[in-house]
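Numbers here simply count residues along the sequence, with the first being 1. None of these values were measured; they are calculated from a predicted model.
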Amino acid sequence: MGVTILAASITGCISYQSVRRLIITKSERNALLEVRERANNIDRWLGTRKAEIEILANTTPVRSMNWSVAAPYLKSQVNRLQEFQHFALIDPDGSYFTTKVGRALINVSDRQHFKKAMAGEVYVSDPTISRTLKGQSIVPISAPVWSSSANSLDKKAQKPIGVMNGVISIDRIAEVVGKLEYGAGTYAFVLNSQGVPIVHPDARLMGNIDKPAPSLLESADANLANVAREMVYQKTGISLTKINDARVYVAYLPLEQAEWSIALVIPRDNLEKELFPFKILAVTAGVLAAAAIFAAIVGLKLFALNSIRTRTEALLHRLTGRIRACLGLDRILQTTVDELGTLLKLDRAIFAWYDPRQDSLEFGWEYCREGLPARLGIFGVPGGPSGDLAARLHRCETILLQTATPNATSSEEHAYIELTNSHYAAVPVLTQNHRLGYLLACANRQFATPDEVEVLEAIADSLAIAISQSQLHGQIQEELKLLEEVLAQLRRTEEHLVQSERMTIVGQLAAEVAHEINNPINFIYGRLIHVNDYIKDLLNIIRLYREQYPDHVPAIAKEIEACDLDFISEELPQILNLLKIGADRIRQIVLALRKFSLPDEPNKEHANLNESIDNILLLLEGRLEQKILVVKEYHNLPPILCYPGQLSQVFASLLSNAIDALKSIENSAQIITIKTDIVEDSPGRFIAVSIAHNGSRIPPEIKHRIFDKSGHNKSSQNFTGLELSVCYKIIVEWHGGSLTVESPVQSQIKSQTGGGAEFKVKLPIF
């Protein structure tokens, strides 16, 4: 029934609005046509004046540009064309003669109408103050005067020989505009191209070229400014707006004969007077529809009363099923009070735990009718013997519960709930752990009938079973969670032991391999020096031989040409030099590998961290692809007392992590920046080492626990260094320093992935 009423109401509203819109649109169209017709009359009037001036400019007396010849003729035309106050003949330099005063003592070369006419245009100027008729506001109309010998083609190449000017009083323009009306209360106004009124009922708003007035574009009335903006843009239209606190329609359109736009302001009632019969019809139809709806609702309610008990039982069964299906205690209790409040249309439905020691109720879950404040907390009845609250709840007496929450704020100290007799029901809920709860239902009507109490008791029974199931499920989940944590800890411990053992074995093997490689490579490197000397001696002997015996026997000359002796003489020293460089490179790598893999001594040793980092980079050179740029910003560091092997493993792990993070960048520069420096801090001096990259960022959800054993680390198959938790332990516990991470990077490294990371190590200088 509600859907039908809503659909009928929406349809009626849409129909009313549609018909109303059609009527208003028709009225707007008629008003705009009326304004257009009147504006066309104004355009025709201005066009006639422009044509008269243009005709006079083409007459023989005017073309002579001789005032003594033109003056009698123009004075006769003033008498004939009574729309003009006077005529003027203007020379190209701006000096002029008028039919009023003869030769004028001022110049008009700065006037816009003079410039337009000299450019060959018949032009209607904005109003201005007459320089001949002191103090009068006029509208000049100017036309170019062409030489009598000029034809239509020459006019484009030649300039006018003067300007013919006619003056119309602004009052005459206002009189013509004032004839535009659309019922009582309407008025018209005209704006120039800057939005300044040149004709307006309020003379205080009018302006002209010599007496500027504020533009309506800057009006404090935003609606009037919007209308003025449309008029300045030479648009045509009609709109309903609010001007001077009155709802009016404004019809506006541009004039063709001048750079003006005219508007007609029409009171809203004038335009919408055709809506009055339609409104009466709509109100009548609405009253009849409301009567029909009321009758239908009464019939529907009578029908609904017969099925209310069946629906209540069905809803009770559904609620019981939902309660038992939930396992979380919070969800069970909140679902119960929500469904109960909706089912019985209550003001409040509350589940509270009863504390017999304090004789109080802890309201933990609540349903509130919209508009009522929530009342969660601990409530009790001041005074009275212990157990009095439970007894009064069983008897459904009127009780005023006041907040008993410890440390309550001043606003909470006066919070209370009033349980009024016959307006609430309280049903106890006893759980298996013997904790007593209460299901309370409050309404602003007569409540707690036998049927309603029966519903509450049935819900309470199902709720007690559901609470017991939830508690049992919670215990099982806690035990399972504890078991999973123990298993996870065992797995991490096992992986750590295996990884530590593996790293120890790998280190020992690396040290042995480095030792075995070091002896033969030293032998090769040492012999290469002698080989290089021997080759130089042999090549010198060959050179001397060729100088002393330039003529070779044919067999020797043929062999020299076949083996290209000159090329061998140049290339062989270079090859030996490259072999020496390669052997030296192998010696450096073997030395770095030995320093990295040898176990630390029981006592700390002095080591240079710059050299340690360079050794690590040398070992990782195979993983540093050509597109990875390593930027080193080293400062002179003193030797530091430490475990060199452990620190080398930490730096190797951080650099390896940085290389892996850069794999996420494909089309951007891959940069690793290593900085070392000495910093002063409150406890003393420290060596600071920073390893930063512009690769993928560390997710915020794991950043705060990245150094925990349970934190985020790479999987064992692609992790080649220590876990970050072990690195943290080496730096913090074994060396008394600090290890921090920053992601995204806020330094000079700009990551195009929006991330990056920077690990900072600080070690004390003893």
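Ring-centre distance between Trp353 and Phe351: below the 6.0 Å cut-off.
With hydrogens and angles ignored, the 3.5 Å screen pairs a side-chain donor or acceptor of Thr398 with a backbone N or O of Asn421. With hydrogens and angles disregarded, a donor-acceptor distance shorter than 3.5 Å links the side chain of Tyr424 to the backbone of Glu397. Lys703 places a side-chain N or O within 3.5 Å of a backbone atom of Ser743 that can act as its donor or acceptor partner. Checking side-chain atoms of Gln334 against main-chain N and O of Glu366 turns up a donor-acceptor pair under 3.5 Å. Remark: the backbone N or O of Gly380 is not paired with any side-chain donor or acceptor of Asp359 at under 3.5 angstrom.
Looking at every heavy atom in both residues, Leu240 comes nearest to Val248 through CD1-O, 3.4 Å. Scanning both residues, Leu32 and Ala251, for their nearest heavy atoms gives CD1-CB, 4.0 Å. Here the shortest heavy-atom pairing between Ser360 and Leu389 reads CA-CD2, 4.0 Å. Nearest heavy atoms, Cys368 versus Ala374: SG-CA, 4.0 Å. Closest non-hydrogen pair, Val732 versus Leu739, comes out as CG2-N, 4.3 Å. Pairing each heavy atom of Ala228 with each of Leu217, the nearest pair is C-CD2, 3.6 Å.
Here the straight-line distance linking atom CD1 of Ile399 with atom CZ of Arg392 works out to 5.0 Å at 0.5 Å rounding. Taken to the nearest 0.5 Å, the CD1 atom of Ile459 stands 4.5 Å off from the CG atom of Leu340. Ile332 contributes atom CD1, which lies 10.5 Å from atom CH2 of Trp365 (distance to the nearest 0.5 angstrom). Taken from OH in Tyr728 to CD1 in Ile706, the straight-line distance is 12.5 Å, to the nearest 0.5 Å. Between the OG atom of Ser9 and the CD1 atom of Ile14 there is a distance of 11.0 Å, given to the nearest 0.5 Å. To the nearest 0.5 Å, the span separating OG on Ser725 from CD1 on Ile730 amounts to 9.5 Å.
Considering only heavy atoms from C-beta on, Met231 stays 4.5 Å or farther from Leu216 through its side chain. Counting heavy atoms from C-beta on, the side chains of Asn244 and Leu224 never come closer than 4.5 Å. Under the 4.5 Å side-chain criterion, counting only non-hydrogen atoms from C-beta, Lys26 is not in contact with Leu22. Side-chain contact between Asp355 and Glu362 is absent, with no heavy atoms from C-beta onward closer than 4.5 Å. Under the 4.5 Å side-chain criterion, counting only non-hydrogen atoms from C-beta, Arg435 is not in contact with Ile467. Residues Val250 and Ile266 have side chains not in contact (no heavy-atom distance under 4.5 Å, counting atoms from C-beta outward). A 4.5 Å side-chain heavy-atom check between Val761 and Ser738 finds every atom pair outside the cut-off. Counting only heavy atoms from C-beta outward, the side chains of Cys442 and Leu419 approach each other to under 4.5 Å.
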So Ser239 and Tyr252, side-chain contact (heavy atoms from CB on, under 4.5 Å) or not? Walk me through it. CA-CA 9 Å; Ser239 61; Tyr252 48 87; 4.2 Å; yes
Decide yes or no on side-chain contact (heavy atoms from CB on, under 4.5 Å) for Leu393 and Leu361, but give the supporting numbers first. CA-CA 11 Å; Leu393 288 174; Leu361 291 172; 3.9 Å; yes
Does Tyr367 form a side-chain contact (heavy atoms from CB on, under 4.5 Å) with Arg348? I'd like the steps, not just the answer. CA-CA 5 Å; Tyr367 162 85; Arg348 294 182 188 274; 6.0 Å; no
Going through the distances and angles, do Leu483 and Glu479 end up as a side-chain contact (heavy atoms from CB on, under 4.5 Å)? CA-CA 6 Å; Leu483 181 59; Glu479 293 178 358; over 6 Å; no
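For the pairing with Asp347, the salt bridge (charged side-chain N to carboxylate O under 4.0 Å, His left out) check across Arg369, Arg375, Arg445 returns one residue only, Arg369.
Heavy-atom contacts from other residues, nucleotides or ligands closer than 6.0 Å to CZ of Phe363 number more than 12.
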